[in-house]
Engineer: 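I am attaching a structure below and will ask some questions about it afterwards.
What you see below is based on every heavy atom in this structure, not just the backbone, and it leaves out hydrogens, waters and symmetry mates. All values reported here derive from a predicted model rather than from experimental measurement.
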Amino acid sequence: MKPDGWSRFYIPEVHDVHPGMEASLEGLLALLSPAARDRAALLVVPNWQGREPLERDGALVARLRAHRGEKVLHGWTHSLGPEFWNWLVYGHDNRSEFARLGGDEALDRLRKGRATLVETLGAAPRWFCAPRWQQAPAVAAALGRVGIAHHQTARGLMHDGGFVPCPALNFDEGERRLKAALAGLARRPATARLLRTQTPFRLALHPADAVRPAIRAEIETLLRRLDDDGWRPLGLGEAAARWKCTRASAAPGEAGPP
């Protein structure tokens, strides 16, 4: 049983925001209602693939500065470089950038990423999301050292040291058709379960979602269903605040660990 008030809302997110993707960003935001668009969290990669620094794209920087929603630090380069198994399964490099970092390297990447967002966007990020939601144990301590209090996991949000249950619904599984097809088979019943149980979730959109017709249609259908059924979009901070207000009525042990 969920706490009163903890149902029928979603958090819109656009992941992998980096130079050269203005058209994809606008295309993804255009899928959302005006209320969802204003609340959407933009997950920004400061130096995409180690060769596309954010500050070189003045138009994107201006767009990000104007956006009302949260700007989340999304790694440093979003990559650990080429790797055979990632190429075989996903068709690209190893994008689990923070999955196996030690404390010093994690701290270095976080410091550089945070500094870039401060310099380009004019404000320090309050949230961090590890690429692919894969985060080595040392990262949490490093986040504290750079002054970022909140971060995301695949299952929810870590906010002020507490866990907020709110799973991510992801549509991007790389460039390999087999992997994408298998992920789609698993995603459809998972989506149906979220809707049936009215479980709050994060709608995680990626640049490729804007140009893949079948995925775009799936997202559009889902958004129409959410609107028809009275689901509300919330921002990251709004969702965390709502959890704090409702968790007192939750049964003991209801909220699991991240």
Engineer: Calculate, to the nearest 0.5 Å, the distance between atoms CG and NE2 belonging to Asp38 and His67 respectively.
Structural biologist: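 Asp38 CG to His67 NE2: 7.5 Å, rounded to 0.5 Å.
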Engineer: Measure the OG1-CG distance between Thr116 and Leu73 for me, rounded to the nearest 0.5 Å.
Structural biologist: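 One gets 9.0 Å once the value is rounded to the nearest 0.5 Å.
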Engineer: Under the criterion side-chain contact (heavy atoms from CB on, under 4.5 Å), I'd like the reasoning laid out for Arg177 against Lys179: C-alpha separation, chi angles, the key distance, then a yes or no.
Structural biologist: CA-CA 6 Å; Arg177 291 185 179 180; Lys179 181 67 172 71; over 6 Å; no
Engineer: Suppose we screen for salt bridge (charged side-chain N to carboxylate O under 4.0 Å, His left out). Which residues come up paired with Asp93, at least two apart in sequence or across chains?
Structural biologist: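 Testing Asp93 for salt bridge (charged side-chain N to carboxylate O under 4.0 Å, His left out), a comparison that skips the adjacent residues, returns Arg95.
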Engineer: I'd like to know if the side chain of His15 and the backbone of Asn170 have a donor-acceptor N/O pair within less than 3.5 Å.
Structural biologist: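 Looks like no, no N/O pair under 3.5 Å.
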Engineer: Is there a side-chain contact between Val44 and Asp16, using heavy atoms and a 4.5 Å cut-off?
Structural biologist: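 SC-SC contact between Val44 and Asp16 ruled out.
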Engineer: Is the distance from the ring center of Trp127 to that of His74 below 6.0 Å?
Structural biologist: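 Centroid distance Trp127-His74: not below 6.0 Å, so no.
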Engineer: Taking all non-hydrogen atoms of both residues into account, name the closest pair between Arg111 and Val146 and its distance.
Structural biologist: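 Taking Arg111 first and Val146 second, the nearest heavy atoms are CG-CG1, 3.6 Å.
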Engineer: Would you give the length of the straight line joining atom OG of Ser33 to atom CG of Leu223, rounded to the nearest 0.5 angstrom?
Structural biologist: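 Answer rounded to 0.5 Å: 8.0 Å.
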Engineer: Is there a chain of hydrophobic side chains (I, L, V, M, F, W, Y, each step under 4.5 Å between heavy atoms) that links Leu32 to Met21?
Structural biologist: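 Yes, Leu32 and Met21 fall within the same hydrophobic cluster.
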Engineer: Are more than 12 heavy atoms from other residues, nucleotides or ligands located less than 6.0 Å from atom CG of Asp160?
Structural biologist: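 Buried by this count: over 12 neighbours within 6.0 Å.
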Engineer: Which atom pair, heavy atoms only, marks the closest approach of Trp6 to Pro165?
Structural biologist: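 Nearest pair, atom of Trp6 first, then Pro165: CZ2-O, 3.2 Å.
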Engineer: Would you say the ring centers of Phe9 and Phe201 fall short of 6.0 Å from each other?
Structural biologist: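 Centroid distance Phe9-Phe201: not below 6.0 Å, so no.
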Engineer: Ignoring hydrogens and geometry beyond distance, is a side-chain donor-acceptor pair present between Thr199 and Thr197 at under 3.5 Å?
Structural biologist: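 Present: a donor and an acceptor within the cut-off.
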Engineer: Taking side chain as C-beta onward, heavy atoms only, is Thr77 less than 4.5 Å from Arg109?
Structural biologist: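 Heavy-atom side-chain distance check passes, below 4.5 Å.
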Engineer: Determine which pairs satisfy salt bridge (Lys or Arg N to Asp or Glu O under 4.0 Å) with at least one residue from residues 51-63, sequence neighbours left out, and list them in order.
Structural biologist: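 Listed by first then second residue: Glu26-Arg63.
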Engineer: Taking only Lys NZ, Arg NE, NH1 and NH2, and the carboxylate oxygens of Asp or Glu, determine whether Arg242 and Glu238 approach each other closer than 4.0 Å.
Structural biologist: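 No, no charged N to carboxylate O under 4.0 Å.
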Engineer: Before you tell me yes or no, could you show the steps for Asp172 and Tyr90 under side-chain contact (heavy atoms from CB on, under 4.5 Å), namely the whole-Å CA-CA distance, both residues' side-chain angles and the distance that decides it to 0.1 Å?
Structural biologist: CA-CA 10 Å; Asp172 183 9; Tyr90 296 100; over 6 Å; no
Engineer: For the hydrophobic clusters of this structure (ILVMFWY residues joined by side-chain heavy atoms under 4.5 Å, transitively), does one cluster hold both Leu54 and Leu28?
Structural biologist: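 They do share one cluster, since a chain of ILVMFWY contacts under 4.5 Å joins Leu54 to Leu28.
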Engineer: Under the salt bridge (Lys or Arg N to Asp or Glu O under 4.0 Å) definition, can you give me all pairs with a residue in residues 116-132, not counting sequence neighbours?
Structural biologist: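 Listed by first then second residue: Glu70-Arg126.
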Engineer: Is the closest side-chain heavy-atom distance between Leu194 and Pro167 below 4.5 Å?
Structural biologist: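 Yes, at least one pair of side-chain atoms sits under 4.5 Å.
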Engineer: Looking at NE2 of His151 and CG of Leu143, how far apart are the two atoms once the value is rounded to the nearest 0.5 Å?
Structural biologist: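 Output value for this atom pair is 6.5 Å.
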Engineer: Identify, with sequence neighbours excluded, every residue that meets salt bridge (charged side-chain N to carboxylate O under 4.0 Å, His left out) alongside Glu83.
Structural biologist: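 Expected list: Arg100.
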Engineer: What pairs meet the side-chain hydrogen bond (donor to acceptor under 3.5 Å, both in side chains) rule with one or both residues in residues 222-237, with sequence neighbours excluded?
Structural biologist: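 side-chain hydrogen bond (donor to acceptor under 3.5 Å, both in side chains) check on residues 222-237 returns Thr221-Arg224, Arg225-Asp229.
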Engineer: Check the hydrophobic clustering (I, L, V, M, F, W, Y; side-chain heavy atoms under 4.5 Å; chains of links allowed) and say if Leu43 and Trp48 are grouped together.
Structural biologist: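 No; tracing contacts between hydrophobic side chains, which count when under 4.5 Å, never links both residues.
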Engineer: Considering only heavy atoms from C-beta outward, does the side chain of Leu203 approach that of Phe171 to under 4.5 Å?
Structural biologist: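 They are in contact (side-chain heavy atoms under 4.5 Å apart), so the answer is yes.
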Engineer: Please identify which of these residues, His159, His150, Lys244, Arg155, meets the side chain to side chain contact (heavy atoms under 4.5 Å, CB included) condition with Val164.
Structural biologist: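 Result for side chain to side chain contact (heavy atoms under 4.5 Å, CB included) with Val164: His159.
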Engineer: Sequence neighbours left out, what passes salt bridge (charged side-chain N to carboxylate O under 4.0 Å, His left out) with Arg187? Give chain and number order.
Structural biologist: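 Arg187: salt bridge (charged side-chain N to carboxylate O under 4.0 Å, His left out) contacts with Glu218.
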Engineer: Are Trp133 and Leu110 grouped together when hydrophobic residues (ILVMFWY) are joined by side-chain heavy atoms under 4.5 angstrom apart?
Structural biologist: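 Different clusters: Trp133 never reaches Leu110 through Ile, Leu, Val, Met, Phe, Trp or Tyr contacts under 4.5 Å.
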Engineer: Between Trp76 (side chain only) and Arg114 (backbone N and O only), is there a donor and an acceptor less than 3.5 Å apart?
Structural biologist: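 No; zero donor-acceptor contacts below 3.5 Å.
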Engineer: Verify side-chain contact (heavy atoms from CB on, under 4.5 Å) between Met158 and Thr153, making sure each step is shown before the conclusion.
Structural biologist: CA-CA 7 Å; Met158 293 300 298; Thr153 74; 4.2 Å; yes
Engineer: What is the minimum heavy-atom distance between Glu97 and Gly75, and which atoms define it?
Structural biologist: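 Answer, listing the atom of Glu97 first, then Gly75: OE1-CA, 3.4 Å.
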Engineer: Just checking His92 against Trp87, ring centres under 6.0 Å apart?
Structural biologist: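 They do not qualify: ring centres at least 6.0 Å apart.
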Engineer: Using 0.5 Å steps for rounding, measure from the CG atom of Leu80 to the CD atom of Glu105.
Structural biologist: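 Result: 7.5 Å between the selected atoms.
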Engineer: Would you sort out whether Leu205 and Ile219 count as a side-chain contact (heavy atoms from CB on, under 4.5 Å), showing the intermediate values?
Structural biologist: CA-CA 9 Å; Leu205 305 178; Ile219 294 168; 3.6 Å; yes
Engineer: Let me confirm one number: the CG-CG distance from Leu64 to Leu117, rounded to the nearest 0.5 Å.
Structural biologist: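 So the gap between those two atoms works out to 9.0 Å.
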Engineer: Testing the basics here: between Glu173 and Ala183, what is the closest heavy-atom pair and its distance to 0.1 Å?
Structural biologist: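 In this case the closest contact between Glu173 and Ala183 is CG-CB, 3.1 Å.
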Engineer: Over all heavy atoms of both residues, which pair between Pro12 and Ala36 is shortest? Give the atoms and the distance, please.
Structural biologist: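 Closest pair (atom of Pro12, atom of Ala36, distance): CG-O, 3.4 Å.
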Engineer: Under a 4.5 Å cut-off applied to non-hydrogen side-chain atoms, are Tyr10 and Pro200 in contact?
Structural biologist: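 In short, these two side chains do not touch, never coming nearer than 4.5 Å.
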Engineer: Do you reckon Val45 sits in the same ILVMFWY cluster as Leu107, going by side-chain contacts under 4.5 Å, direct or chained?
Structural biologist: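 As far as the 4.5 Å side-chain criterion goes, Leu107 and Val45 are not connected within one cluster.
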Engineer: Which atom pair, heavy atoms only, marks the closest approach of Pro19 to Leu60?
Structural biologist: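 Closest approach of Pro19 to Leu60: N-CD2, 3.6 Å.
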Engineer: Would you find a donor on one side and an acceptor on the other, under 3.5 Å apart, between the side chain of Arg202 and the backbone of Cys166?
Structural biologist: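 Yes, Arg202 side chain to Cys166 backbone: donor-acceptor pair under 3.5 Å.
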Engineer: State, with a plain yes or no, whether a side-chain heavy atom of Val211 is found less than 4.5 Å away from one of Arg216.
Structural biologist: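 No, every pair of side-chain atoms sits at 4.5 Å or beyond.
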Engineer: Could you tell me if the side chain of Asp104 sits less than 4.5 Å from the side chain of Asp108, heavy atoms only?
Structural biologist: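 When only atoms from C-beta onward are counted, Asp104 and Asp108 do not touch, as no gap falls below 4.5 Å.
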Engineer: Heavy atoms, side chains only, cut-off 4.5 Å: are Gln135 and Phe128 in contact?
Structural biologist: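 Yes - at least one pair of side-chain heavy atoms lies under 4.5 Å apart.
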